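Okay, so here's the structure we're looking at.
Note that the structure is predicted; figures quoted are calculated from it, not measured. Here, residue 1 is the first one in the sequence, and each next residue gets the next number.
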Amino acid sequence: MMAVIPQPEALGGNLPVEEFLRAFPFYLAWTGDGVLAEVGPSLRKICPMARPGERLDDVFRLVRPRGRLSPAFFAENADQLFIVEDRSNLRLLRGGFLSIAEADLGVLLATPWLTRSDQLLEYGLALTDFAVHDQTLDLLHLLQTQETAANDLRQLNAKLIEKRAALIEQEARARKLALVASSTDNAVMLTNADMRFEWANDAFTRMTGWPAEDVHHRRLWDFLLESAPEPVDFSDADACLREGKVFRAELPQRRRDGSRYWLSIEVQRLPEDAQKVANLMAIGRDVTERKAAEEALRRSEKDARSQRDEAQRQRDELEWIYNTAPIGICLFDRDLRYRRVNRWLAEINGVPIEDHIGKGVREIVPNVAARVEEEARIAIETGRPSRYEDITGETGAQPGVVRYFNESWYPAFDETGEVVGLTLLVEEITDQRRVRVLKEADLRKNEFLATLAHELRNPLAPIKSALQLAQMPDGGDPGAQADNLAALKKAERQVDHLTRLVDDLLEVARITHGKIALKKEPTDLLTILPQAIDLVRPQLESKGHRLLYQASPAPLPIFGDKVRLVQVFANLLDNAVKYTPPGGVIRLDASIEGAEAAVRLTDNGRGIPPEKLASIWDLFAQVEYGRPDDKRGIGIGLALARNLVDLHGGRVSAVSAGVGKGSEFFVAMPLATDSESKRA
């Protein structure tokens, strides 16, 4: 134990110093020059810098009473409660001073100053690190006040040692224990060798509600069993005590008024000498608050485990969805570097998942990097989600194949609200778009067939009437002959109209099946446009339109099929005539723009809704204006014109400010090269 402390009967001749200090596992002992000589085993856990050989004032600072931390100051203020602070971790100790003159030692019988139950875990302490009492200061005062009495008892013992030595020693020890036990907050119970109560302190009554006299001569085990609200087991208690060990247990108990509490009890035998057992001592503490805290901690840990398990389950589900959902998902940092990529997006990009991580968009998908960076910039600047639909493009997985996607951007924020990254969802809609296009085409086909039937039926009535008139005898009447001739000419115009319809249908069929062959030759576009104007002049005049034609003074040499090109511009002019109200103005301009022959056809007609500008070139497409008479043609004129222009290597487009604001159609044909111009 402690080599520097001698073994004589230092405390009244009754309790050896070593045994006494064992009851104070947080004690400090120092020499007369202030050097630590011994440190209690429990104190070393919370004050690791307190080691024998260290100076007392290097390790601790005196908090109360005020003064210099020195052996002399302790001796001068021996009756004070001392509070010292560990300089290294600021932990507080409180206790009383004890002087051991025989060894020239000063001792602080300390205990840690704990204000919260969780400090036990924080300091790394367990309940077994404490003595069976927790009122060190009271014990110190009692021992000091008994020092004089102990001296008197020694003198009395010296006179009566032969007759009453054993009795005096037993009474002195019992008195000391009784005084100490009376001043503690712990319940102290003394029993005889048969475990029957002989004495209990006031704390026992406060804790249990039972006065000591009411339990006198009752067996300790019986009392604890009867007070237990549920079965408790003492089967190993007697064997433990017979072996000289301390029996420890924590038991649920009921007070006399029926309220419940938890009792922590330690029972040990007190030896009168090496042969004979005099009695037993039990010390009990109310640990209800600690048990409640432990139960709350267990519930909290159980709840935390449940929450962790649920969170893990949700993470697993999200991870499964992330990896198996048929949608591309990736996480970008603010610099558009890939942080995570799922399998679907990796397949779309045609790049393995691991090759994405840490790289930028331009390294993985350079062909769409500019668009992606612009969309990401908008999401970062606005901090709002955004969605882009019907995005068209090729992918790394299938170069040359046009696919369609919907993209959704979601900003990610830090705790300050700053955008730190982006989540991108990419949904491929190629199949859905194809289905939609097929449905739209089917709808347009049905509409086309209905319109075609109407267009084909309309000319039949005047043709039939003309034929009937032609078969009637005119009787040499000049007026009847004129009527017959007018009817035949009307029938001829209707036949021409039917022929043009059938020709357009055949042209579309040939182009669609790739069976059209162009007869290209050098020509001047300025010779093509007048022919197209002549074809639609009857319609212009019938609706009272005014055509303003302005051509370049210089030729517009091109290399193309004259017949097909006349058809192109006739279809465009016919479209302008149909969708311009009577008395409208149509303007046709032809000029050279760069390396192209450019033609602009402008009208002040009904215009085109913005959402229809892209679809007017589709086969059978028509623009609805909300009135039955606004639906004109069968929807093949513009489609035929675009296909023929494409076959000539040109381009065609349309612009409009909206419904009621007219339209402009633009056709650009490449100028003929020198070699093309020289062809016969």
>> Please determine whether side-chain contact (heavy atoms from CB on, under 4.5 Å) holds for the pair W409 and V372, giving the CA-CA distance in whole Å, both sets of side-chain angles, and the decisive distance to 0.1 Å.
In response: CA-CA 10 Å; W409 292 85; V372 171; 3.5 Å; yes
>> Set out, in order, the CA-CA distance, both residues' side-chain angles and the distance that settles side-chain contact (heavy atoms from CB on, under 4.5 Å) for I586 and L540, then state yes or no.
In response: CA-CA 9 Å; I586 299 174; L540 283 167; 4.0 Å; yes
>> Set out, in order, the CA-CA distance, both residues' side-chain angles and the distance that settles side-chain contact (heavy atoms from CB on, under 4.5 Å) for V659 and R606, then state yes or no.
In response: CA-CA 6 Å; V659 176; R606 297 195 179 278; 5.6 Å; no
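By the 6.0 Å contact criterion, CD on E289 is open, its count of non-hydrogen atoms from other residues, nucleotides or ligands being 12 or less. Remark: R384 CZ is loosely packed, at most 12 non-hydrogen atoms of other residues, nucleotides or ligands lying under 6.0 Å away. In this structure, R298 places its CZ atom where more than 12 heavy-atom neighbours from other residues, nucleotides or ligands lie under 6.0 Å away.
Ionic pairing of E295 and K291 is not present here: no N-O contact between side-chain nitrogen and carboxylate oxygen is shorter than 4.0 angstrom. A salt bridge does not link E374 to R371: none of the charged side-chain nitrogens sits closer than 4.0 Å to a carboxylate oxygen. We find that R387 and E389 are joined by a salt bridge, their nearest charged nitrogen and carboxylate oxygen being less than 4.0 Å apart. A salt bridge links E317 and R313; the closest N-O separation between the charged side-chain nitrogens and carboxylate oxygens is under 4.0 Å. Salt-bridge formation is detected for the pair R340/E319: a Lys NZ or Arg NE/NH1/NH2 atom is positioned less than 4.0 Å from an Asp or Glu carboxylate oxygen. Ion pair K578/D574 flagged as a salt bridge, since at least one NZ, NE, NH1 or NH2 atom sits closer than 4.0 Å to an Asp/Glu carboxylate oxygen.
Looking at R434 and D431, their side chains come closer than 4.5 Å, going by heavy atoms from C-beta outward. F569 is not listed as a side-chain neighbour of L588, based on a closest heavy-atom distance of 4.5 Å or more. I348 places a side-chain heavy atom less than 4.5 Å from the side chain of F405. The closest side-chain heavy-atom distance from L644 to L565 is not below 4.5 Å. No side-chain heavy atom of V426 sits less than 4.5 Å from a side-chain heavy atom of W344. Residues P411 and I380 have side chains not in contact (no heavy-atom distance under 4.5 Å, counting atoms from C-beta outward). With a 4.5 Å cut-off on side-chain heavy atoms, L647 and R564 do not count as touching. For the pair E347 and R343, the minimum side-chain heavy-atom distance is below 4.5 Å.
Ring geometry for H356 versus Y338: interplanar angle over 60°, hence perpendicular rather than tilted (30 to 60°).
In this structure, R600 contributes its side chain and E664 its backbone to no donor-acceptor pair below 3.5 Å. Side-chain atoms of K359 never come within 3.5 Å of backbone atoms of I364 as a donor-acceptor pair (strictly under, hydrogens ignored). Of the possible polar contacts, one joining the D524 side chain to the L556 backbone as a donor-acceptor pair under 3.5 Å is found. Within the 3.5 Å criterion, the main-chain N or O of T416 finds a donor-acceptor partner in the side chain of D414. A distance-only check finds no donor-acceptor pair linking the side chain of K519 to the backbone of V563 [under 3.5 Å]. Side-chain N or O atoms of N342 include one that pairs as donor or acceptor with a backbone N or O of I329 at under 3.5 Å. Under a 3.5 Å cut-off, the side chain of S300 and the backbone N or O of A296 do not form any donor-acceptor pair. Checking side-chain atoms of H648 against main-chain N and O of M669 turns up no donor-acceptor pair under 3.5 Å. Judged purely by atom type and a 3.5 angstrom limit, S656 uses its side chain to pair as donor or acceptor with the backbone of G662.
Considering all non-hydrogen atoms of both residues, A570 and L535 come closest at CB-CD1, 4.0 Å. A376 and L422 make their closest contact through CB-CD1, 3.6 Å (heavy atoms, listed as atom of the first residue, atom of the second, distance). Listed here is the closest heavy atom pair of I558 and A597: CG2-CB, 4.1 Å.
Going from atom CG of D603 over to atom CZ of F665 covers 7.0 Å, rounded to the nearest 0.5 Å. Taken to the nearest 0.5 Å, the NE2 atom of H545 stands 13.5 Å off from the CZ atom of R537. Residue E596 holds its CD atom at 12.0 Å from CG of L525, rounded to the nearest 0.5 Å. Atoms CG and CG, on L640 and N571 in that order, are 5.5 Å from each other to the nearest 0.5 Å. To the nearest 0.5 Å, atom OH of residue Y549 and atom CG of residue L529 are 4.5 Å apart. Residue L601 holds its CG atom at 9.0 Å from CG of D589, rounded to the nearest 0.5 Å.
In terms of the side-chain hydrogen bond (donor to acceptor under 3.5 Å, both in side chains) criterion, residue partners of D316 (sequence neighbours excluded) are, by chain and number, Q312.
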